[in-house]
2 protein chains.
Amino acid sequence: MHSMVKQQKDQPQVGPGVKPRGRPRSFDRATALEKAVMAFWEHGYEATSVSDLTRVMGIGAPSLYAAFGDKRSLFEEAVRVYGGTYGSFSGRALEEGPTARAAVERLLREAAAEFTDPGHPYGCLVIHAATNCTTPEVEDALRRQRNANVSAIESRVRADAATGELPPDTDAVALARHAAAVFQGMSQQARDGASREELEGVAEIAMAVWPRAGTHAG
Amino acid sequence: MHSMVKQQKDQPQVGPGVKPRGRPRSFDRATALEKAVMAFWEHGYEATSVSDLTRVMGIGAPSLYAAFGDKRSLFEEAVRVYGGTYGSFSGRALEEGPTARAAVERLLREAAAEFTDPGHPYGCLVIHAATNCTTPEVEDALRRQRNANVSAIESRVRADAATGELPPDTDAVALARHAAAVFQGMSQQARDGASREELEGVAEIAMAVWPRAGTHAG
DNA sequence: CAAATTCCGTAGCGGTCGCTACAGAAAAGA
DNA sequence: TCTTTTCTGTAGCGACCGCTACGGAATTTG
């Protein structure tokens, strides 16, 4: 006997003509999930208790566990929702920017606005929601995500150094890590009360480190 | 009757000739406190339980409470110890640097070494040990400390802009916040596994934003 | 010695944690 | 209507949380 995997019926994949069998869910799953995103974003994984979640999501604990598995699965799904919405600007900036410099400039400028948007918690969920975690897997998952972002910046810098858009002796690792450090520091300062304008000033200053095209370092 | 304040006999202020009355403490207070610093540094305030503390400190819970008050008081004392030892480099760099630029350069370069020292947990306790805290007072205390550091950098920049060491139109707030953001981002990246050399590269890159003496911005 | 004072180890307090057993309610299928 | 399926609310599980009452141990004072 192989172990049974609990059937997940969370995301209906069948057409709209087929109705599920039993009593229908009395709440909107996406709306409840969005509330969980906000709670985790503001207070982090550990400091957000299941009773906190059931309160803000407006459902009972059994409904939460039936719809989302357990607290950790709910958090992972909340991280995915965040990455596809509030946090998607960073991936877009890095993909769509015409050059590494333009991509990072857009990344930092949009971060200044996003991190201080009064419509949701300050800063970046990926940076802050799983620090000091008693569940190391949760902490590691977001750490990997942060390090992947550093690598993404580095790849763009390295590509521009290869094409001549940046000087060939550019230190791609240091330039990328600097951009990432400014990004992460901006998130921290947003949490500490910095304004959008202050963070835009940081972003502008940070862009001064980029070598100009046609200028070689040293 | 006004409320009695519990007599604290933790730090003996009398001369060495006077012996305390009852049974002497069977552990060294400073050594135990140092262990608590390490535990809070690595796992943060909330994720470090009292039983974690009693284990690493090698004492029972009643001894901990008798010697340090409660968990929060112990944490506050640990933060003070940290600020006077591992974290003291930042204050020294900002005070002793001959110019704002030299002070920040030393700050960042020493941070690269300190944040990655394998002899203790990575990164900065003040930045990481009280995030996502269910006790907002604890979180706020370290937030104030971080914002005070930003202000300290800003003061040094402003002073140099006044003397002409930096251009008079220098944006002191942005320059200081950028330095602080890099500092905080370096701490985050140290926690995420960055090496000393990588962080030194970040520090070097970050210093490129500073206007040279005799050069005016715009 | 005895008395007084202070510390330590055991053991456990009330509270919250993540999670779930259970029974009733609400829907579809027969 | 009756059965089947699924969801919901109550109520509570064992584990851990921060913290402490209590009695015995260790030390100074008289």
Side-chain angles (χ1 to χ4, degrees), chain A residues 6-12 14-29 31-32 36 39-40 43-76 78 130 132-135 137-138, chain B residues 6-12 14-29 31-32 36 39-40 43-78 132-135 137-138:
Chain A
K6 189 190 282 183
Q7 182 83 7
Q8 288 285 102
K9 305 169 189 174
D10 301 328
Q11 313 277 20
V14 292
V18 181
K19 283 195 176 181
R21 283 283 303 253
R23 173 178 175 175
R25 183 176 286 140
S26 67
F27 60 94
D28 182 66
R29 192 180 187 277
T31 303
F40 281 131
H43 303 294
Y45 175 71
E46 301 255 274
T48 306
S49 71
V50 171
S51 63
D52 288 336
L53 289 166
T54 58
R55 190 178 59 254
V56 302
M57 296 167 82
I59 62 178
S63 299
L64 188 154
Y65 281 88
F68 299 102
D70 59 2
K71 186 189 174 186
R72 187 171 146 190
S73 302
L74 173 56
F75 179 72
E76 290 169 356
N132 298 137
C133 229
T134 49
T135 314
E137 295 85 1
V138 174
Chain B
K6 191 190 282 184
Q7 181 83 7
Q8 289 284 104
K9 304 169 189 172
D10 301 330
Q11 312 277 21
V14 291
V18 182
K19 284 194 175 182
R21 281 284 304 254
R23 172 176 174 177
R25 181 179 287 139
S26 66
F27 61 94
D28 182 66
R29 193 179 186 278
T31 302
F40 281 132
H43 301 112
Y45 175 72
E46 301 253 276
T48 305
S49 71
V50 172
S51 62
D52 289 335
L53 290 166
T54 58
R55 191 179 55 253
V56 302
M57 297 166 82
I59 62 178
S63 300
L64 188 153
Y65 281 88
F68 300 101
D70 59 1
K71 185 188 173 185
R72 187 172 149 189
S73 303
L74 174 56
F75 179 72
E76 289 167 357
E77 195 167 348
N132 299 139
C133 230
T134 49
T135 316
E137 295 86 1
V138 174

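Only a predicted model underlies this, so the values are computations on that prediction, with no experimental measurement involved. Order of the sequence lines fixes the chain letters, A, B, ..., with proteins taken first and strands second; residue numbering starts at 1 for each chain.
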> Between B/Ser26 and D/dA26, is there a side-chain N or O to OP1/OP2 distance below 4.0 Å?
no
> Please round to the nearest 0.5 Å and tell me the distance separating atom CD of B/Glu46 and atom OG1 of B/Thr134.
3.0 Å
> Determine the interplanar angle of the A/Tyr45 and A/Phe40 rings, folded into 0 to 90°, and report it as parallel if under 30°, tilted if 30 to 60°, perpendicular if over 60°.
parallel
> I want to confirm an ordering. Mapping B/Asp70 and A/Phe27 to their closest nucleotides on DNA chain D, which one lands closer to the 5' end?
A/Phe27
> The side chain of B/Arg25 is closest to which nucleotide in this list: D/dT20, C/dG29, C/dC7?
C/dC7
> For the side chain of A/Ser51, starting at C-beta, report the closest nucleotide among D/dC17, C/dC17, D/dG18.
C/dC17
> Taking the side chain as every heavy atom from C-beta outward, state whether A/Asp52 and A/His43 have any pair of such atoms under 4.5 Å apart.
no
> Find the distance A/Ile59:CD1 to D/dC7:C1' and express it as a whole number of Å.
11 Å
> Between D/dC17 atom P and B/Leu64 atom CG, what is the distance in whole Å?
14 Å
> Which comes earlier along DNA chain C counting from the 5' end, the contact point of B/Gly60 or that of B/Gly22, where each point is its nearest nucleotide?
B/Gly22
> If I take atom CZ in residue A/Phe68 and atom P in nucleotide C/dC19, what distance separates them, rounded to the nearest angstrom?
14 Å
> What is the distance, to the nearest angstrom, from the OH atom on A/Tyr45 to the C1' atom on C/dG18?
9 Å
> Closer than 4.0 Å, any side-chain N/O of B/Tyr65 to the OP1 or OP2 of D/dC19?
yes
> Any side-chain heavy atom of A/Lys71 within less than 4.5 Å of one from A/Thr135?
no
> Within this structure, what is the CG-to-P distance between B/Asp52 and D/dA15, rounded to whole angstrom?
18 Å
> Of all the choices, D/dC17, C/dA26, C/dT5, which nucleotide is nearest to the side chain of A/Pro24 once you look at every atom?
C/dA26
> In whole Å, I'd like the distance from the CZ atom of A/Arg23 to the P atom of C/dA26.
6 Å
> In this structure, how many angstroms lie between the P atom of D/dG18 and the CD atom of B/Glu46, rounded?
9 Å
> Look at all strands and tell whether A/Thr134 reaches a base, only sugar-phosphate, or nothing, counting heavy atoms closer than 4.0 Å.
nothing
> Can you tell me which nucleotide in C/dT5, C/dG29, D/dA21 comes closest to the side chain of B/Pro62?
D/dA21
> Check for a donor-acceptor pair, side chain of B/Arg72 on one end and backbone N or O of B/Val138 on the other, with a separation under 3.5 Å.
no
> Tell me: NZ of B/Lys71 to P of D/dC16, nearest whole Å?
16 Å
